[in-house]
Number of protein chains: 2
Amino acid sequence: MAEEISGRSDQTRILQLLWGKTDTPKRGPKPKVALSDIVAAAVIIADAEGLEAVSTRRVAEAAGVSAMSFYTHVQSKAELLDLMLDHVSGAGSVPPPEWPQMDWRARMTLVAESLWQHYLTHPWVLQIETHRPVLGPNTMAAYEVALSAVADIGLDEIEMDLAITSLANYVTGAVRNAARAQTVKELTGMSDDQWWHAVAPFFETLDYSAYPLSARVGSIAGETYGLGDPGRAFRFGLDRLLDGMELMIARKVSTRK
Amino acid sequence: MAEEISGRSDQTRILQLLWGKTDTPKRGPKPKVALSDIVAAAVIIADAEGLEAVSTRRVAEAAGVSAMSFYTHVQSKAELLDLMLDHVSGAGSVPPPEWPQMDWRARMTLVAESLWQHYLTHPWVLQIETHRPVLGPNTMAAYEVALSAVADIGLDEIEMDLAITSLANYVTGAVRNAARAQTVKELTGMSDDQWWHAVAPFFETLDYSAYPLSARVGSIAGETYGLGDPGRAFRFGLDRLLDGMELMIARKVSTRK
DNA sequence: CATAACTTTGTACGGTGTAAAGAATTAAAT
DNA sequence: ATTTAATTCTTTACACCGTACAAAGTTATG
C-alpha cells in the first residue's frame, strides 16, 4: 500500500533500471555492489555453465553479497533475466568501418551472422521466456544498426521493420539446433555426429515403409553432411530469404519509376 | 554393472520408448499405468498451465501413481520432456484431402501455418531444450508430410531437406513472439498493446537522438499495428522466403532444360 | 541525538528432482 | 507347492530452488 500507481510502476521499473533512470536513495548504507555487478556475474555464470546454473544464491555469492541482499537490487529472478538479456545485446551494436560502402544485402548478411554468433556465444538467451520485449539501450542500439542496413533503399518504415524483424526471426529459429548441438557437445563431449553413429544401428531395425521420403532424403542428407551442419541450413535459408527481399525491393523500385 | 553396453543403451533407450521397441518384462507386478498415460497427463498440464507447472510430482499424481513410481516408467524428467515433444507432433502429419491438387507453394504455406498453429497450441515446446533431436514416429510423420510438399518439383534430396529445414527454422523463430504474447496475455490478462500504452509515457522521457532510425521506424510501426501483430511479420517473412525458393526452383528447372 | 530510510543478514517455508531402501506383486525355477 | 528372482510401488530423505519475513546494521536528515 505504499505506491498508489503500483500497477504501472511495476511495468516501468525494469525500463527505469535498464535506462538508469532510478533515483538513488539518499539515506541508508551504501550498497556493497552495483546492479551491473550482479547482472555481469549472472551472465558469466550463464555463459560458462548454462542458465540452470544461474540461481539467486549462486549469483549473489559470485557478486559478493549474501543470498537475500540480492533482492534489494533486483525485484525477482525474472527481472534479473530481463536485465541479462539487454546486458549481452551490446555486441553487434557497432557496425564495422566498411559499413558505409556495403550494399544492403551484405549488411543484412552481416547482421544475420553477428546475431547468429551472438546466440552461439550466449545460448541461454534462447531459453529465456521474457514477459515483455526488453527495450533496453543495448537492445535498441542493435536494432538501430540493423535498421541502418536497410535504410535508403526505397523501403518505407513498415517494410524496414518487417524486413529486420523477419530476418531476426529467421536467425533465432535457425540457430536453435546449432546452439543445442554446441551446448550438448560441451557438456557431454559427444557431437551430434557421434550420437548419430551411436544410434544408427537402432534405426536399421525399424520399418521405414511408412516414411518413404524421409528414408530417402534422410539417408542421403545424413550421408552428405550428417546431422552435423546446422550452419548449412542457416546459410541456405538466409540466401533464400534475402533473394526474396531482393525481389521485393526490385519490384518497389520499378513501380516507383 | 548390469549392462555391459551401458553407454550405448542410454542413448537408444529414448528411441526404443518412442518406437515401442522395449521388451516388456515377464515377472513383477503389472504397472498401474502405461507410459503413454504419464506422457499424456504431462502434456495436458503443460498445455493448460505452462511448462513450469510440469513437475514430476504433479505428473505422477495426475497419472494416478505415487511420486516415485513415476521413475519406473521414465528415467528422468528430461526423458519425459523428450517423450512429450514427440507426443504432440501428431498434428500436421496427415495432409488435407486437397493436398494432391495443391502446388508446392500452397503446400509449404500450409506446412508453415500448421507448424505455426502447433506452436501456439503447445507454446511450451519452444521452451524445451532437448539433448538430441527427437526422432519419434510422430515427428517423423510430420517430416514426411513436409517433404512431400516439395517432392517432384525438381529438387534433389539435399535441397528438399534444406528447404523444409529452413522453412521450419523460420517458423520456430517467428512464432516465439506470438507465443510469448499469447501466453503472457493468458496469464496476466494484459496484451502487448495494453502493455505498450502503459509504458509509452516512460519512453517519451528518453533522449532518442542516439537512435534516429528506431525512433522513426518504431513510432510509425507502433502507430500502424502496435506491438500486437507478430502474425504480420510471420507472413511477410514467409512470403519472402518462399519467393526466394521459387527463384531457386525456377533457376534449377531452366538450367536443366 | 533521535528518527526515518535504507541495505544486509539469518531463518524459514513450500517446492523441486531424484537417490535409497523396503514392501508388495508376479512369473519362473525348483 | 514353495522358493527365488525380477519388477513395481511406496516411504523417507537430501540438497537445492525462489523468496517471505524479521531483525540487525548503516547512513543522512530532523
Side-chain angles (χ1 to χ4, degrees), chain A residues 1-3 10 13 17 22-38 41-42 45-46 49-84 124 127-129 131, chain B residues 1-3 9-10 13 16-17 22-39 41-42 45-46 49-84 124 127-131:
Chain A
M1 46 187 69
E3 337 85 342
D10 283 335
R13 198 192 121 87
L17 287 177
T22 48
D23 35 18
T24 55
K26 297 295 171 189
R27 304 196 215 185
K30 302 294 176 200
K32 287 175 69 175
V33 300
L35 176 60
S36 59
D37 296 333
I38 291 182
I45 294 172
E49 299 174 51
L51 196 61
E52 72 280 0
V54 178
S55 72
T56 57
R57 286 172 174 84
R58 263 297 293 279
V59 172
E61 191 193 20
V65 290
S66 268
M68 287 308 289
S69 176
F70 172 90
Y71 283 98
T72 60
H73 299 88
V74 157
Q75 208 158 254
S76 68
K77 189 182 179 179
E79 193 172 284
L80 172 70
L81 296 179
D82 278 350
L83 294 170
M84 289 169 70
W124 47 270
Q127 294 177 58
I128 296 184
E129 197 76 8
H131 302 29
Chain B
M1 45 188 72
E3 337 86 340
S9 81
D10 282 337
R13 199 192 119 88
Q16 290 173 349
L17 287 177
T22 49
D23 34 19
T24 55
K26 297 295 173 190
R27 307 196 213 186
K30 301 293 175 200
K32 288 175 67 174
V33 300
L35 176 60
S36 60
D37 297 331
I38 291 182
V39 177
I45 294 172
E49 300 175 51
L51 196 62
E52 72 279 0
V54 178
S55 72
T56 57
R57 285 171 176 84
R58 263 297 291 282
V59 172
E61 191 193 20
V65 291
S66 268
M68 287 307 289
S69 176
F70 172 90
Y71 283 97
T72 60
H73 299 88
V74 156
Q75 207 159 257
S76 68
K77 188 182 179 180
E79 192 172 285
L80 173 69
L81 296 179
D82 277 351
L83 294 170
M84 289 170 69
W124 47 268
Q127 295 176 57
I128 295 183
E129 198 77 8
T130 71
H131 303 27

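Just so you know, these numbers come straight off a predicted model, no measurement behind them. We use all heavy atoms of the structure for the numbers below, so side chains are in, but hydrogens, waters and symmetry mates are not. Numbers restart at 1 for each chain; the letters A, B, ... are given by sequence-line order, proteins then strands.
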Visitor: What's the OH-P distance between B/Y71 and D/dT12, to the nearest Å?
Guide: 18 Å
Visitor: Could I get a table of every N or O pair under 3.5 Å where one atom is in the protein and the other is in nucleotides 6-11 of chain D?
Guide:
from   : atom 1 : to    : atom 2 : distance (Å)
D/dC9  : OP1    : B/K32 : N      : 2.5
D/dC9  : OP2    : B/S69 : OG     : 2.9
D/dC9  : OP2    : B/T72 : OG1    : 3.1
D/dC9  : O5'    : B/S69 : OG     : 3.3
D/dT10 : OP1    : B/K32 : NZ     : 3.4
D/dT10 : OP2    : B/S66 : N      : 3.0
D/dT10 : OP2    : B/S66 : OG     : 3.4

Visitor: Apply side-chain hydrogen bond (donor to acceptor under 3.5 Å, both in side chains) to A/R27 and list each qualifying residue two or more places apart in sequence or on a separate chain.
Guide: none
Visitor: Within this structure, what is the CD-to-P distance between A/E61 and D/dG18, rounded to whole angstrom?
Guide: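 From A/E61 CD to D/dG18 P: 13 Å.
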Visitor: Identify, with sequence neighbours excluded, every residue that meets side chain to side chain contact (heavy atoms under 4.5 Å, CB included) alongside B/T22.
Guide: B/Q16, B/L17
Visitor: Looking for any heavy atom pair under 4.0 Å, which part of the strands does A/V54 touch: base, sugar-phosphate only, or nothing?
Guide: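 Sugar-phosphate only.
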Visitor: When you measure from the side chain of A/H73 to the backbone N and O of A/V33, does any donor-acceptor pair fall under 3.5 Å?
Guide: yes
Visitor: Just how far, in rounded Å, is C1' of D/dC17 from NZ of B/K77?
Guide: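 For the pair B/K77 NZ and D/dC17 C1', the rounded distance is 12 Å.
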Visitor: To the nearest Å, how far apart are B/E52 CD and D/dT19 P?
Guide: 13 Å
Visitor: Reading DNA chain C from 5' to 3', where do the contacts with chain B start and stop? Cut-off is 4.0 Å to heavy atoms.
Guide: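 The footprint of chain B covers C/dT16 to C/dA28.
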Visitor: Using 0.5 Å steps for rounding, measure from the CD atom of B/E129 to the CH2 atom of A/W124.
Guide: 13.5 Å
Visitor: B/I38 vs B/L83, test: side-chain contact (heavy atoms from CB on, under 4.5 Å). Steps then yes/no.
Guide: CA-CA 10 Å; B/I38 291 182; B/L83 294 170; over 6 Å; no
Visitor: Go through the structure and list residues passing side-chain hydrogen bond (donor to acceptor under 3.5 Å, both in side chains) with A/E61, not counting sequence neighbours.
Guide: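 So A/E61 forms no side-chain hydrogen bond (donor to acceptor under 3.5 Å, both in side chains) with any residue.
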Visitor: According to side-chain hydrogen bond (donor to acceptor under 3.5 Å, both in side chains), who are the partners of B/R57, at least two apart in sequence or on a separate chain?
Guide: none
Visitor: In sequence, state the C-alpha distance, the side-chain angles, and the governing distance for A/L51 and A/L81, and then conclude on side-chain contact (heavy atoms from CB on, under 4.5 Å).
Guide: CA-CA 10 Å; A/L51 196 61; A/L81 296 179; 4.1 Å; yes
